[in-house]
Number of protein chains: 2
Amino acid sequence: MNSQSEEDYLKALYHLEMEFDSVSTNSIADYLDMKPSSVTDMLKKLAEKKFINYQKYKGTSLTKKGKLIALSIIRKHRLWETFLVDKLGFGWDQVHIIAEQLEHIKSEELIKNLDNFLGNPKYDPHGDPIPNKDGEIEKMNQKLLVELKASQKGIITGVKKGTASLLNYLDKEKVKLGDSIKVIEILEFDGTYIVEINKRKLTFSEKICQNLLLETND
Amino acid sequence: MNSQSEEDYLKALYHLEMEFDSVSTNSIADYLDMKPSSVTDMLKKLAEKKFINYQKYKGTSLTKKGKLIALSIIRKHRLWETFLVDKLGFGWDQVHIIAEQLEHIKSEELIKNLDNFLGNPKYDPHGDPIPNKDGEIEKMNQKLLVELKASQKGIITGVKKGTASLLNYLDKEKVKLGDSIKVIEILEFDGTYIVEINKRKLTFSEKICQNLLLETND
DNA sequence: ATATTTTTTTAGACTAAACTAAAAATTACA
DNA sequence: TGTAATTTTTAGTTTAGTCTAAAAAAATAT
Ligand SMILES: [Mn+2]
Ligand SMILES: [Mn+2]
Ligand SMILES: [Mn+2]
Ligand SMILES: [Mn+2]
């Protein structure tokens, strides 16, 4: 059985590998808010367990085994987040810290039953795809709204990391994940987007457009 | 914030205080499957934090503060058990180990919302009362079936510790917690009880009667 | 190509929570 | 009441996971 700490490291490794092409000791330390020396210690242990490929001074990558564990933690995290929002009435922005604890509960049966109870959801409340029990995860064709030109369309799937307040704003504007969005016009002056969502015209600042994630069909 | 281990000790203390009038170091060690020396170490720490009254060689008791924490863990344990059975379809006998982990998740809001989601249940799936958020718990007027005489009545509230298989048996016989039970006849020869539950006559061995808990109205 | 800066690792320390073995206190009983 | 048995505590060890400070390696800049 893996410890909570090991699981958090593997998850961090996975997220960092997604975002950057090389994962350094310092980047892990930053991500987990720990000291690089602590990270080195843990990397040695994870390498010992064959969860990562690690050679000192050379950086790290998850092995197949390590990636599967990371994905199983992510699956649990996102299922619990879905539970908290859909069933317990939490807001989008409140669930992450709680799921950070719940993701470490050990019981295969629990997750199987939770998944069924939730109706086998494909996406979590932030629009992130939920890996299946075999660790398969949908690779999203994600774009930022700011990358679209006038008349292009997409489906709102989420917001960039660290912009929880944007979710709240969308909520207030009655914009939900899964809503279709179409660019009507882009103002040259300040990059403001005029878009249509649910037959309503809305105006989004450039900053919003830089943080709103869409799934597009190209 | 208290550690998982501290919480498990406080809960053990609470249960042992309920069952026996004095709580010894060895009884705690037995209960938690640990060595007495480990228990002594923890008792010192809990005394330091004013969760227990402890004087070496003199035994232990929970302070008001300690009892409140114990009850909050028990509340969480029983609410999670209720969730697992009522919502996720687990059986009575499967939920304890999982709740043993879930009870340590830290979030007031989570428990508040879970409680509402479950419809503010008063009893857990084993028939044990769920403490309220202020740590108030119903003192049950519990009896064993074997204590009843012919023609007396009660409501089935649970089974004694360590008799999970009895719950399964009751399940198979379509007997549920909350069902009313009336003693029809007690066979002198072997102490077998003939009882009526839901208009049906059932026969319970003496062993069953020694382990079946009822709420009575005396 | 060398020196400086940055990154990473090592060495050593600390805390929490467990353990074993031995000592001390308490309890039981002859 | 004194000895033996039992219970409890102490002393010292272990492991996991963190830290600080210093050393070593790698990357960058002159
Ligand atoms: Mn976590
Ligand atoms: Mn999420
Ligand atoms: Mn527990
Ligand atoms: Mn229970």
Side-chain angles (χ1 to χ4, degrees), chain A residues 1-13 16-17 19-62 66 69-70 73 100-101 103-106, chain B residues 1-14 16-17 19-62 66 69-70 73 97 100-101 103-106:
Chain A
M1 205 72 327
N2 310 308
S3 70
Q4 178 151 333
S5 187
E6 288 171 324
E7 292 181 346
D8 282 336
Y9 272 90
L10 291 172
K11 200 159 56 98
L13 263 298
L16 290 168
E17 281 189 4
E19 198 162 356
F20 312 100
D21 38 281
S22 97
V23 178
S24 68
T25 300
N26 276 359
S27 68
I28 302 167
D30 277 0
Y31 189 90
L32 292 174
D33 200 17
M34 281 197 269
K35 299 297 166 189
S37 54
S38 308
V39 173
T40 301
D41 283 350
M42 182 57 90
L43 292 182
K44 286 180 189 166
K45 192 210 280 202
L46 295 175
E48 192 66 43
K49 290 191 167 192
K50 309 278 191 217
F51 294 155
I52 61 172
N53 306 114
Y54 168 69
Q55 294 185 127
K56 47 175 161 168
Y57 295 108
K58 293 292 159 67
T60 319
S61 65
L62 287 165
I69 295 171
I73 307 300
E100 204 53 52
Q101 300 176 63
E103 68 190 0
H104 303 289
I105 302 290
K106 263 106 187 150
Chain B
M1 206 73 325
N2 309 309
S3 71
Q4 178 151 333
S5 187
E6 288 171 326
E7 291 181 347
D8 283 336
Y9 271 90
L10 291 173
K11 200 158 58 97
L13 263 298
Y14 181 87
L16 290 168
E17 281 189 4
E19 198 162 357
F20 311 101
D21 38 281
S22 96
V23 179
S24 69
T25 299
N26 275 359
S27 68
I28 301 168
D30 279 359
Y31 189 90
L32 292 174
D33 199 17
M34 282 197 270
K35 299 297 166 189
S37 54
S38 308
V39 173
T40 301
D41 282 351
M42 182 57 91
L43 292 183
K44 285 180 189 167
K45 192 209 281 201
L46 295 175
E48 192 65 43
K49 290 191 167 194
K50 308 278 189 214
F51 294 155
I52 62 174
N53 305 115
Y54 168 69
Q55 295 185 127
K56 47 174 161 167
Y57 296 107
K58 294 292 159 67
T60 319
S61 64
L62 288 166
I69 294 171
I73 306 300
I97 342 168
E100 205 53 51
Q101 300 177 63
E103 69 190 0
H104 303 288
I105 302 289
K106 263 105 187 150

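The figures that follow rest on heavy atoms only: side chains count, while hydrogens, waters and symmetry mates do not. Proteins get letters first, then strands, A, B, ... in listed order; numbering begins at 1 in each.
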Closest listed nucleotide, where the reference is the side chain of [X] and the choices are [options]:
X     : options                : value
A/K35 : D/dA26, C/dC19, D/dT20 : D/dT20
A/S24 : C/dT8, D/dA26, C/dC19  : C/dT8
A/N26 : C/dT7, C/dC19, D/dT10  : C/dT7
A/Y54 : D/dT20, C/dT10, C/dT9  : C/dT9
B/Y57 : C/dA18, D/dC19, C/dA25 : C/dA25

Is the closest side-chain heavy-atom distance between [X] and [Y] below 4.5 Å?
X      : Y     : result
A/T60  : A/L46 : no
B/Y9   : B/I28 : yes
A/E103 : A/E7  : no

### Distance in Å, A/L43 CG paired with A/L13 CG, rounded so as to fall on 0.5 Å steps
6.5 Å
#### Entry: Rounded distance [0.5 Å steps], OG1 in B/T40 versus CE in B/M34
11.5 Å
## Note on the structure
Taking pairs as Watson-Crick (N1-N3 plus N6-O4 or O6-N4) or G-U wobble (N1-O2 and O6-N3), each distance under 3.5 Å, the stems of three or more consecutive pairs with DNA chain D are C:1-30 with D:1-30
Measure from [atom1] on [X] to [atom2] on [N] and round the result to the nearest Å.
X     : N      : atom1 : atom2 : value
B/K44 : C/dA18 : NZ    : P     : 15 Å
A/I28 : C/dT8  : CD1   : P     : 9 Å
A/L43 : C/dT7  : CG    : C1'   : 13 Å
B/K49 : C/dT15 : NZ    : C1'   : 13 Å
B/M34 : C/dC19 : CE    : C1'   : 11 Å
B/M42 : C/dT15 : CE    : P     : 16 Å
B/D30 : D/dT7  : CG    : C1'   : 12 Å
A/Q55 : D/dA25 : CD    : P     : 15 Å

#### Entry: Nearest heavy atoms of B/P36 and B/N26, plus distance in Å
CG-OD1, 3.2 Å
### Query
Backbone N or O of A/K106 within a donor-acceptor pair of the B/Q101 side chain at under 3.5 Å?
yes
### Message
Would the distance check show the side chain of B/K44 and the main-chain N or O of B/K56 forming a donor-acceptor pair, the cut-off being under 3.5 Å?
### Response
no
### OP1 or OP2 of D/dT10 under 4.0 Å from side-chain N/O of B/K56
yes
#### Entry: Which residue lies more 5' along DNA chain D, comparing B/K58 with A/D41 via nearest heavy atoms
B/K58
### Query
When we call it a touch if two heavy atoms are under 4.0 Å apart, what does A/T40 touch: a base, just sugar-phosphate, or nothing?
base
### Task
Determine the contact category for A/T25: base if any of its heavy atoms lies under 4.0 Å from a base atom, sugar-phosphate if only primed atoms, P, OP1 or OP2 are that close, otherwise nothing.
sugar-phosphate
### Message
Is it the case that the base of C/dT20 and the side chain of B/S37 share a donor-acceptor contact (distance under 3.5 Å, atom types as modelled)?
### Response
yes
